[in-house]
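Chain letters run A, B, ... following the sequence lines, proteins first, then strands; residues in each count from 1. Excluded from the calculations below are hydrogen atoms, water molecules and symmetry mates; all remaining heavy atoms, backbone and side chain alike, are included.
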Amino acid sequence: MNIATVIVDVPAKQTDREFDYRIPEKWTNIIQPGMRVIVPFGPRMVQGFVVGVKDHSEWNKLRNMKEPMDLEPVLNEELLQLADWMTREAMCFKITALQAMLPAAMKAKYEKVLNIIEEKKDRLSPIVLAAMGHRSSITWKEVIEGEHGALFQKEVQQGHLELVYYVKNKLNKKTIKVIRPLHTGEKLAEIALTFTGNAKKQREVLQYFCAHPEPISLKELLEVTHTSNGTVKALVKKQLLAEENQEVYRNPYENRIFERSEPLSLTNEQALALHPIQENIRNKEHEVFLLYGVTGSGKTEVYLQAIASVIEKGEEAIMLVPEISLTPQTVKRFKERFGEQVAVMHSGLSIGEKYDEWRKIHRKEVKVVVGARSAIFAPFEHLGLIIIDEEHEASYKQEETPRYHARDVAIERAKSHRCPVILGSATPTLESFARAQKGVYKLLTMSRRMNESALPAVEIIDMREELRNGNRSMFSEMLLTKLTDRLEKREQTVLMLNKRGHSSFVMCRSCGYVIHCPNCDISLTYHRFNDIMKCHYCGHEEGMPNVCPECESEHIRFFGTGTQKVEEELAKILPEARVIRMDVDTTSKKGSHERLLNAFGEGKADILLGTQMIAKGLDFPNITLVGVLSADTMLHLPDFRSSEKTFQLLTQVSGRAGRHNLPGEVVIQTYTPEHYSIELAALQHYDSFYEREMLIRRQSHYPPYFYLVLITVSHEDVMKTVATTEKITHYLRMHLSPHSIIFGPVASPLSRINNRYRYQCLIKYKREPQLHHHLHTILEHYQQESIQHHLTISIDLNPQIMM
DNA sequence: AGCACGCCGACT
DNA sequence: GTCGGCGTGCTC
């Protein structure tokens, strides 16, 4: 077993295979599959993943691997197999699948450095020496950025400079300095007596250690003894104390205390839902449960008790929550129940913090991980349960390669571990609900709110009517009346502005000219706080013009309703109301999300105004009114799921009202009150919506009746883009079954991004056993020329967004 | 992806 | 004649 099979960190078609390396003798018993290693690859060094070990290779020019990057495998056998599955399923490179399973901190960092070879130093050109500022080495990056790149290259060729490639971890373990006495207390006391006169401080430190012989962190030591670093250093130098680095975890929840919570008694419905899940856990069976429970029906308590059963068995659980609802409130509920046994993984943590949470899982110090999408790869070895809360959330599908869906990964992992999966939602995706109806998933229903509180009463307001009656503001009369009423009663209101598809664009009122991004085919979004127009796709920025670039009129201004604008309006009409605004601008800083929510929870504001991010998880007893300012903005997006998304969002946000003793009310403002997704969301009739929408999906051949594949081609030249898409479409029409429907080429809804034109081909199919094969052929064929001609082809299996 | 090798045009 | 442009092919 002295040969390792390695997948190298070079994400390209040609290198997407295993390479063999000889394992140097000193490592032979150490190297195992699942470890990261550093290997020579051509002239440089790269990171690689060992995926197998064997004792002979077909290859006769084997090179030695340089060294391992881990002392034990970071991916276990199950995860390595999962990577194979993902490579097939998402059509990505193997290395991409492997990297996706580990925290970003473990990605390799590459550095290229030029070193002076001492014996040849005098032969170096003085310009080069000067450029190096008389140091013995210089990074390649510095060389490139400097002016003498060519000179340096020449020196390398002549062998005067040595080129070295480094592979490093992106981030290291955090350590703190710990001070430990090197003698016993009595001995130190003796020594301390010899410190007379000037060395007063040193004597004090020694005396401290006489009383407390155990190691202490440097920081603490300095605090308790009121000394400085220098004093301690001196004692270390005298070999009385020792300074050591000790690994510590970064703890984002360091200053928080979680009171332990006890399992609540379950309602009848909750108990009925929990029972079959526990049965499954007990028998180590794999089944997928769809927990369909209305908002406020107490799904979380069911999750908590299911997890408790898993822990009792000595197994582990993964709990996935959508990024935006992974709030401190959510985390708190899990930490309160399971204390130190919980790791948390979400994007709000720094790279280092994520790495530390990952290590807790890897070292088996925790039993539960609560996290967003990528937490599905938590390296547990005895998984007993996977839960996906808010199953319908589109964010469970990763929109960059590897384009995996956490739900599919969850089911795949659960199969290998023979454990149940719970998909929970008040508004399941049609795909999941249809599967439950067919018996593929087991349906568990909770149709009552926990404390028997009624679902809120919902009013739909026709904003066209308001306009006809002369109300041109963004608040209907009804909403305004109710808002005022709540202010008087000192109850709280949540106002949601659905910003998707409704950004604030800049338009000239005289000629109708809309300012577009010069690189992309979309309008620029106005950002008030720095008075700048920005493109959300390529990042292009420009200042706000004073006159219209087209007709030179001065009547140019921004349109569309942003949260900022609503806030201003509110200040005008209800000046006494205290408003908290929550959107990307106000929550971008770390911890601000929590701060704002806490403030609202403590009643420091009357109105919480925000975007979608407030629709989830919010659970405050004093909220009795929810207002949706414009329910239909999302309805007009070019996406077959827009009705479903609208229904889900409206149902979710309505669920925020009246969850406790006070009854809740919801006001939904819309320009299309007759639309079924709005009507049925108001009635909270999921079942009717499901049936209605299923009819449409059947007629128009969309999921769940058909599967989709979206192929997007992009290139700088429109003609090239169209021609390629055309060829692909033609190829598919020739090779796929006549039952499959192939659309294209059509311009993508985002027809140009960053000066690259985008065309699409959409495949709708029911059964197409050769599909993967054909798609591979396409990638193979076109990616050859794609590198040369800068053509990119992306294939999205089961796309969640159609752009 | 990098990087070397190799083949052609535009200069000292 | 050489420098350097980038098309081509390889990496255990």
Check for a donor-acceptor pair, side chain of A/Thr5 on one end and backbone N or O of A/Gly52 on the other, with a separation under 3.5 Å. yes
Could you write out each protein N or O paired with an N or O of nucleotides 7-12 of chain B at a distance under 3.5 Å?
none

Students often get this wrong, so: under 4.0 angstrom with heavy atoms, is A/Lys154 touching a base, only sugar-phosphate, or nothing? nothing
Residue pairs, two or more places apart or on separate chains, that pass side chain to side chain donor-acceptor pair (under 3.5 Å) and touch residues 51-74 of chain A: A/Asp20-A/Lys54, A/Asp20-A/Ser57, A/Arg22-A/Asn64, A/Arg36-A/Asp70
Rounded to whole angstroms, how far apart are CE on A/Met45 and P on B/dG2? 16 Å
Got a sec: does the NE2 of A/His776 have more than 12 other heavy atoms crowding it under 6.0 Å? yes
Between the side chains of A/Lys364 and A/Glu381, is the shortest nitrogen-to-carboxylate-oxygen separation below 4.0 Å, so that they form an ion pair? yes
Side-chain donor/acceptor of A/Tyr21 to backbone N/O of A/Pro40, under 3.5 Å: yes
With sequence neighbours excluded, residues passing side-chain hydrogen bond (donor to acceptor under 3.5 Å, both in side chains) with A/Thr429: A/Glu391, A/Ser432
Pairs: protein N or O with nucleotides 10-12 of chain C N or O, under 3.5 Å:
from   : atom 1 : to      : atom 2 : distance (Å)
C/dT11 : O3'    : A/Gly42 : N      : 3.0
C/dC12 : OP1    : A/Tyr21 : OH     : 3.3
C/dC12 : OP1    : A/Pro40 : O      : 3.1
C/dC12 : OP2    : A/Arg63 : NH1    : 2.6
C/dC12 : O3'    : A/Asp20 : O      : 2.6
C/dC12 : O3'    : A/Arg63 : N      : 2.9
C/dC12 : O2     : A/Asp20 : N      : 2.9
C/dC12 : N4     : A/Arg17 : NH1    : 3.4

For the pair made of NZ in A/Lys13 and C1' in C/dT8, what is the distance, rounded to whole Å? 19 Å
How would you label the contact of A/Tyr165 with the nucleic acid (heavy atoms, under 4.0 Å): base, sugar-phosphate, or nothing? sugar-phosphate
Rounded distance in Å - NZ (A/Lys107) to P (B/dA1): 12 Å
The criterion is side-chain hydrogen bond (donor to acceptor under 3.5 Å, both in side chains); which residues satisfy it with A/Gln99, sequence neighbours excluded? A/Asp9
Residues passing the side-chain contact (heavy atoms from CB on, under 4.5 Å) test with A/Ser350, sequence neighbours excluded, are A/Glu353
